[in-house]
2 protein chains.
Amino acid sequence: MARAGLTTARLTRAGAELADELGFDHVTVTELARRFDVKVASLYSHLGGSADLRTRIALLALEELADRVAAAVAGRAGKDALVAFSDAYRDYAREHPGRFDATQLRLDADTARASAGVRHAEMMRAVLRGYHLHGDDQTHAVRLIGSVVNGYVRLEAAGGFDHSDPGSDASWARVLDAVDVALRAWPPP
Amino acid sequence: MARAGLTTARLTRAGAELADELGFDHVTVTELARRFDVKVASLYSHLGGSADLRTRIALLALEELADRVAAAVAGRAGKDALVAFSDAYRDYAREHPGRFDATQLRLDADTARASAGVRHAEMMRAVLRGYHLHGDDQTHAVRLIGSVVNGYVRLEAAGGFDHSDPGSDASWARVLDAVDVALRAWPPP
DNA sequence: TGGCAGTGCCTAAGGTGCTTAGGCAAGCAG
DNA sequence: CTGCTTGCCTAAGCACCTTAGGCACTGCCA
């Protein structure tokens with residue numbers, strides 16, 4: 001029987017596509033095997049199993065997202081950088097809902113440390129350079145931005161802003177305006 | 001054989017406890033049946049199945065959370081109300097991680113409309129009374145608060161702020177300070 | 001170019017969980 | 001006390017996950 005040419009990388013990429021099509025929690029080794037027209041057990045030479053597949057998809061998505069964000073914030077500062085950063089996030093989530101969902105997968109400490117999550121944190125700090133926040137304040141601000149962007153994008157993806165006026169695009173712009181104000185007028189303790 | 005006294009309400013409550021103990025996505029009708037020392041099929045007279053159980057837990061959690069938030073914001077205004085509202089959210093999430101996770105379950109439109117989610121939205125608008133925001137601005141602000149609170153609480157629950165200084169409590173206070181600033185200095189379009 | 005080693009994919013089998021159909025008996029109503 | 005409702009059961013079938021062990025294709029070396 002002809003070999004299907006399975007590799008860990010190809011399976012991971014196909015898994016990511018599956019996630020975008022069906023939703024991250026409908027990604028299953030069974031469905032993946034179907035796509036490659038191969039028996040399920042065959043995947044186990046390339047993947048550690050279902051959980052392994054999911055974390056590989058998560059790591060892939062984190063890389064992709066970090067690349068996009070890096071490209072977006074390059075050469076920008078201040079509010080310009082904040083908006084570019086946030087838009088990159090939101091756009092990725094809308095283009096790749098399954099992959100974005102994957103980025104929220106809880107990774108164990110070691111895996112997280114070796115992941116592109118680290119780059120995400122660095123880039124957020126880079127965005128804050130234009131706001132002249134330092135020390136603990138910078139960390140607090142990083143957490144604010146992370147919360148707003150993740151929170152907004154998730155609520156939007158969950159359909160929370162559908163069917164109500166004004167549209168989500170308008171709110172997104174105004175929310176980022178508000179965050180910009182908060183960062184510029186960062187309150188003392 | 002003695003009857004076990006199953007009811008939809010008891011099963012839902014037990015399911016919520018299961019969620020807090022094992023995590024919302026480890027809630028299974030099989031485990032629930034074990035807890036009641038009953039065969040799985042017996043649950044099907046009281047529950048529509050696994051998905052039904054989950055949405056019942058979600059609805060229960062939304063109610064509980066709305067009750068708490070209502071009690072917290074009663075008689076408060078302005079930043080005081082903002083902090084009380086947000087703390088109620090965060091405290092609930094920390095006491096009942098599984099239930100909180102359940103509140104993020106995507107409900108279909110009809111179910112959502114009949115759920116306590118509606119009360120949540122009303123209370124958020126009530127909090128904003130002290131900030132004198134109206135019309136679209138109020139909606140934008142509701143979305144900002146929703147994003148920050150949900151986002152922060154989720155990231156915290158996912159362990160995102162563990163093992164790094166300063167501690168999460170400090171950031172939480174400063175993030176709410178920043179939101180307060182943004183709401184008071186709400187930027188014009 | 002032929003043989004052989006390694007490896008790629010397979011069959012087989014066992015586990016958990018979800019769901020439906022149909023049966024028996026416990027406990028209440030007349 | 002009889003009969004009926006209904007609460008829980010057995011049985012059976014489906015989907016997915018995982019491990020163990022086997023056959024044959026591919027590519028390397030003689």
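In the text below, chain A, chain B and the rest are named by the order of the sequence lines, each starting its count at 1.
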(Q) Assess the residue pair A:Phe85 and A:Leu128 against the criterion (side-chain contact (heavy atoms from CB on, under 4.5 Å)); give the C-alpha distance rounded to whole Å, side-chain angles, the decisive distance to 0.1 Å, and a yes or no. (A) CA-CA 11 Å; A:Phe85 175 94; A:Leu128 285 174; over 6 Å; no
In this structure, how many angstroms lie between the [atom2] atom of [N] and the [atom1] atom of [X], rounded?
| X | N | atom1 | atom2 | result |
| --- | --- | --- | --- | --- |
| A:Leu53 | D:dT18 | CG | P | 10 Å |
| B:Leu32 | D:dC8 | CG | C1' | 15 Å |
| B:Leu43 | D:dC8 | CG | C1' | 10 Å |
| A:His46 | C:dT7 | NE2 | C1' | 9 Å |
| B:Arg35 | D:dC8 | CZ | C1' | 21 Å |
| B:Lys39 | D:dT10 | NZ | P | 5 Å |
| B:Glu31 | C:dG15 | CD | P | 19 Å |

Side chains of [X] and [Y]: do they bring a donor and an acceptor to under 3.5 Å?
| X | Y | value |
| --- | --- | --- |
| B:Ser86 | B:Tyr152 | no |
| A:His46 | A:Thr8 | no |
| A:Thr55 | A:Arg106 | no |

Q) With respect to the phosphate group of C:dG17, does any side-chain polar atom (N or O) of B:Arg34 fall under 4.0 Å of OP1 or OP2? A)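 Checking C:dG17 against B:Arg34, a side-chain N or O does come within under 4.0 Å of OP1 or OP2.
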Q: Using a cut-off of strictly less than 4.0 Å, decide whether A:Ser42 has a side-chain nitrogen or oxygen near OP1 or OP2 of C:dC10.
A: yes
Q) Taking only residues two or more places apart in sequence or in another chain, which ones pass salt bridge (Lys or Arg N to Asp or Glu O under 4.0 Å) with A:Glu31? A)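 So A:Glu31 forms a salt bridge (Lys or Arg N to Asp or Glu O under 4.0 Å) with A:Arg34, A:Arg35.
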Name each donor-acceptor pair under 3.5 Å that joins a side chain in residues 120-127 of chain B to protein atoms two or more places apart or in another chain, with its distance.
| residue | atom | partner | partner atom | Å |
| --- | --- | --- | --- | --- |
| B:His120 | NE2 | B:Leu62 | O | 3.0 |
| B:Arg125 | NE | B:Gln138 | OE1 | 2.9 |
| B:Arg125 | NH2 | B:Thr139 | OG1 | 2.7 |

Q) Any side chain to side chain donor-acceptor pair (under 3.5 Å) pairs touching residues 180-189 of chain B, not counting sequence neighbours? A)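 Passing the test, one end in residues 180-189 of chain B: B:Tyr131-B:Asp180, B:Asp137-B:Trp186, B:Asp180-B:Arg184.
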Q) How about B:Tyr92 and B:His96: are their ring centroids closer than 6.0 Å? A) yes
Q. What residues form a side-chain hydrogen bond (donor to acceptor under 3.5 Å, both in side chains) with B:Asp136, not counting sequence neighbours?
A. none
Q: Could you identify which residues of residues 8-28 of chain A place a heavy atom less than 4.0 Å from some atom of DNA chain C, listed by residue number, or say none?
A: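 Listed by number, there are none.
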Are any protein N/O atoms closer than 3.5 Å to N/O atoms in nucleotides 19-22 of chain C? If there are, list each pair with its distance.
| residue | atom | partner | partner atom | Å |
| --- | --- | --- | --- | --- |
| C:dT19 | OP2 | B:Tyr44 | OH | 2.7 |
| C:dT19 | OP2 | B:Ser50 | N | 2.6 |
| C:dT19 | O5' | B:Tyr44 | OH | 3.3 |

